[in-house]
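This report concerns only the one structure given below.
Excluded from the calculations below are hydrogen atoms, water molecules and symmetry mates; all remaining heavy atoms, backbone and side chain alike, are included. These numbers come from a predicted model, not from an experiment.
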Amino acid sequence: MNDTPHLPPALATGVGSLPGTDAREAAKAATGSFEDFPHLPELPARGPGADMIGRTAGLLVELYARVEPSGWRIGDRPGRDTRRARSWLGEDLDALEEFTQGYEGLLKVQAVGPWTLAAALELKNGEAALSDLGACRDLAASLAEGLRQHLEEVRRRVPGARLVLQLDEPSLTAVLRGQVRTASGYRTHRAVDRQTVEATLRDVVGVHDGGPVVVHSCAPDVPFALLRRAGVAGISFDFSLLTERDDEVIGEAVEGGTRLFAGVVPGTDAPLSDPAGSVMGVRTLWRRLGLRPGLLPEAVTVTPACGLAGASPGYARSAYAHCVRAARSLADNPE
């Protein structure tokens, strides 16, 4: 799409979450590892409100959520859980601001996208917001306004940065296929019409006016074509889940200027091969698609396969360093 904001080349970045509870340590790791493309870390180990659903629920405008035994549920007024989510986000932003003084480059912030949020947040009757398209619309509008305010806040704190917004949509394929379970667990919610899904995503993507938006999903069968039509500048995915039937949409995405965030480094503790070995699959894909090798550094950003919340702190640091080395290997030797 010609009106999609351009995402300049960036060799490597993180997905979002990190292990531990120390905001300063996390900000130091994210900014120190990725000098050209740091990100705002998330620390779900702190508990409810620091998890990805609770954190994004804290961004909502005129909608509030609280923790129930079954999960996050929309309520009428802000309570302790909303305050906690906002307080932790403030702590994370303070730490990020401290480690990005004078920074002028790409900076990524993450939030849950409208469809994964609708699949995870419960209405008062205990069913997911996904069960009610009117509720989905309200939720998406509230999220869009919350993201607009969040981006303004980050711009104020890191004025030289070029912000990239990442929407986490791991449930998107399940929403499209009617695979999200109801509260009873015995049935599934009806599949949402693809045009409705696309239009809602386009509206939320549009809040980052003039700035690039990336959608991340570490689930299989990421809907590349739908996301491109919705106006995203990049798609972040677990590279190991690609199959040859994805070749055509991947090739179209690259030729259309969509940046691939290739998750090639495991998200939990695992032996790490040599950096060149980690991106061997990317080179193989490129040859199979007949794409120009020199295009690789312009079209691919190397990341972990998913967030690193479940990893050990030592592995998380090693995984970030490995992403940077693997990306350099890809840039230095695209053949």
Side-chain angles (χ1 to χ4, degrees), residues 1 3-4 51-68 70-79 81-82 85-86 109-152 165-183 187-209 211 213-217 219 222-223 225-233 235:
M1 290 182 64
D3 57 349
T4 299
D51 61 299
M52 72 176 200
I53 299 298
R55 185 182 185 89
T56 301
L59 293 174
L60 296 176
V61 173
E62 294 179 6
L63 275 181
Y64 310 99
R66 63 178 186 275
V67 179
E68 297 286 341
S70 54
W72 284 89
R73 183 171 296 182
I74 295 170
D76 296 323
R77 61 184 68 86
D81 298 321
T82 299
R86 290 175 178 173
V109 297
Q110 307 82 218
V112 176
W115 292 107
T116 296
L117 200 60
L121 281 184
E122 298 172 359
L123 301 172
K124 289 173 188 172
N125 64 4
E127 286 296 350
L130 192 64
S131 63
D132 178 338
L133 280 181
C136 290
R137 276 193 297 274
D138 292 345
L139 190 56
S142 172
L143 174 64
E145 183 53 35
L147 288 173
R148 190 177 284 111
Q149 293 179 13
H150 179 46
L151 290 164
E152 279 176 13
L165 171 63
Q166 175 180 304
L167 298 174
D168 293 319
E169 282 283 16
S171 301
L172 184 58
T173 302
V175 167
L176 289 164
R177 292 183 174 176
Q179 294 171 337
V180 177
R181 296 212 164 271
T182 58
R187 293 184 305 108
T188 54
H189 294 289
R190 184 180 306 170
V192 181
D193 175 72
R194 296 182 81 85
Q195 287 179 312
T196 303
V197 169
E198 184 185 319
T200 301
L201 278 167
R202 190 181 299 111
D203 287 346
V204 176
V205 165
V207 304
H208 191 18
D209 188 26
V213 177
V214 176
V215 168
H216 167 74
S217 172
V222 175
L226 182 150
L227 292 172
R228 289 182 58 226
R229 287 195 304 271
V232 306
I235 300 172

Can you name the nearest heavy-atom pair linking [X] to [Y], along with the distance?
X	Y	result
Ala65	Ala57	CB-CB, 3.8 Å
Asp76	Tyr64	O-CD1, 3.6 Å
Ala119	Val175	CB-CG2, 4.3 Å
Arg194	Leu176	CG-CD2, 3.9 Å
Leu123	Ala129	CG-CA, 3.7 Å
Thr188	Gly178	OG1-O, 3.0 Å

Residue list, side-chain contact (heavy atoms from CB on, under 4.5 Å) with [X], at least two apart or on another chain:
X	answer
Arg73	Arg66, Glu68, Ser70, Glu122
Thr182	Glu127, Ser184, Arg187, His189
Val205	Leu167, Val213, Val232
Ala174	Gln179, Val180

So, does [X] use its side chain to make a donor-acceptor pair with the main chain of [Y] at under 3.5 Å?
X	Y	answer
Trp115	Glu169	no
Thr173	Pro223	no
Ser142	Val61	yes
Ser131	Ala128	yes
Thr116	Ser171	yes
Thr56	Val112	yes

Rounded to the nearest 0.5 Å, how far apart are [atom1] of [X] and [atom2] of [Y]?
X	Y	atom1	atom2	answer
Ile53	Arg55	CD1	CZ	12.5 Å
Thr82	Leu59	OG1	CG	11.0 Å
Arg137	Leu139	CZ	CG	12.0 Å
Leu172	His216	CG	NE2	12.0 Å
Leu143	Asp203	CG	CG	11.0 Å

Exercise for the section: Could you pull out all residues at least two apart from Arg148 that satisfy side-chain hydrogen bond (donor to acceptor under 3.5 Å, both in side chains)? Expected result: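 Result, side-chain hydrogen bond (donor to acceptor under 3.5 Å, both in side chains) vs Arg148: Glu145.
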
Handout entry: Chi angles and distances behind the side-chain contact (heavy atoms from CB on, under 4.5 Å) call for Leu60, Leu121
Key = CA-CA 12 Å; Leu60 296 176; Leu121 281 184; 4.1 Å; yes

Practice task
Could I get the full list of salt bridge (charged side-chain N to carboxylate O under 4.0 Å, His left out) partners for Arg177, not counting sequence neighbours?
Solution key: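 With sequence neighbours excluded, Arg177 shows a salt bridge (charged side-chain N to carboxylate O under 4.0 Å, His left out) to Asp221, given in chain and number order.
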
Problem - Min side-chain heavy-atom separation Pro114-Val204 under 4.5 Å - result: yes

